[in-house]
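Inspection log for the structure reproduced underneath, given as structure tokens.
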Amino acid sequence: MTSTSLAAGGRRRSARAMLAGLAFASMTALAGPAALAADTTTIRVLNWEPGGADYWKALVAEFEKQNPDIKVELETVPFDRYPEVQGPYITTKSGPDVMENNAGLELFDRRRAYAELPPEVLEAGKDLITYSGGCLNFDTTKACYGLPFGYQGNVMYYNKKVLAEAGLDPANPPKTWDEMGAACEKVKASGKTCLAIGLSGIFPAYWDFPEIARNYLTEDDMRAMLAGKMPWTDPKMVNVLKGLASITEKGWTNSSAPSITMLPDGADIFQSGNAAFAGTIISDAVNWAAFGKVLGDENLGAMRWPTLVADAPLANSFSGIESSVFGVTSWSDKKDAAFKFVKFIAGKENAELLTKIAGGISLNKNVDPSVMPKSQALSQILEIIKTPTLHAGVLLSGQEADALARGWQEVALGRLSVEDWTGRMQKALEQSPSKRQ
């Protein structure tokens, strides 16, 4: 064989090799996205978007950046419609891999829908001020089904401009029930609503009930509520219902209160500048940051609810609780990825996003205080939360929370007496699976 034929043969082999290489490269390029997709786990997260859309967009982006093999698909449902969407998923044991619920009995009542958090996920709880609201009976030595990310609780916001227009001193908002009544008369005379409120849904149970309950119940009483050993016929519980009823009976609220929800309708009345006061929460979307953005920080103040019983042990306390918790569904076949998301929720990176973007107050102890925004209302809140007590609202079963809201609606409309409301509440207690003895 000549050198020429050898060279020709080499060129043919090189050409074949090059073509084979190009073909392989082409196949690899075509297969690349498919291979990548096969390596990516997509988890579905059912939530009501606490903290707002911008915060959740940043949360998902940061989580996916840290976990490039996991993609998050959000199913966001309005807060007042959440139970009706979540219920069928639980019944059919299908749907999301991660779900949100309020801490306390709302979560405990649904615990069969959740997987118990393993020790490696609960490690994140060590960096939190508290996470007991995700654990059975508020006890971290028992099974835990979810981790929280923010500190939550109730305050009353006030619009300084509306108070001034009514001839009131914005620097001295009412501190007692009688002072609140006098203030409301002046606010109403100025043509504005005194207290913006919505009685539909579960908001009365979480945002209003605890602030009246603190005037009549001790922490031992609240623990008895949790255990189902505090009947609604007890005079203390009857007084709580009477206190709630007095808010609407005195005409302090908007006439639409029985037919609207607090979020978004009641909150909208306040942030539109048409109400002097609104009882909402310190964290997430309906908070000082959202109101201050609309009304102007200079016009917004935060205070404790006025007291009905000045010398009550808990009258000047803060109803504090972990914000909503996230857990992994018992039916998920992507538990490893879902547990990573739950652990991230409780972590420092998410805590700082909550603080910077949503104005939330994080439970994570490692957040730099200097990242907190500057606001007078926030400064007032940070003082209020220094004297926390139990949050009575999360100690109510789902049956009690529903009966509370529906009963208050009818009381406000003059269709139900407090005595009959008490009977309904007792019946709801007796029908509560989580409290059945």
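Start at 1 with the first residue, then count along the sequence.
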| task | Test K343 against E120 for salt bridge (Lys or Arg N to Asp or Glu O under 4.0 Å), laying out the working first. | result | CA-CA 9 Å; K343 190 170 183 178; E120 61 269 22; over 6 Å; no
Give a yes-or-no answer on whether the side chains of [X] and [Y] include a donor-acceptor pair shorter than 3.5 Å.
X: T280; Y: W207; answer: no
X: D220; Y: T218; answer: no
X: N101; Y: Q86; answer: yes
X: E410; Y: W421; answer: no
X: E165; Y: S190; answer: no
X: Y158; Y: N299; answer: no
X: R112; Y: S330; answer: no
X: T422; Y: E419; answer: no
X: Y206; Y: Q152; answer: no
X: S362; Y: N364; answer: no
X: S397; Y: S432; answer: yes
X: Q380; Y: Y157; answer: no
X: T92; Y: S94; answer: yes
X: D139; Y: T141; answer: yes
X: S434; Y: D109; answer: yes

Tightest non-hydrogen contact, residues P204 and P210, listed as O-CD, 4.5 Å
Between S375 and D297 the two heavy atoms that sit nearest each other are OG-OD1, 4.2 Å
*Angle class for the Y151/F318 ring planes (parallel below 30°, perpendicular above 60°, tilted otherwise)?*
perpendicular
Quick one, W252 with W177, criterion ring-ring contact (aromatic ring centres under 6.0 Å, His included). Give me CA distance, side-chain angles, the key distance, then yes/no. CA-CA 11 Å; W252 293 356; W177 217 238; 5.0 Å; yes
Notebook entry, point to check: Should R406 and D402 count as an ion pair when the cut-off is N to O under 4.0 Å?
Noted result: yes
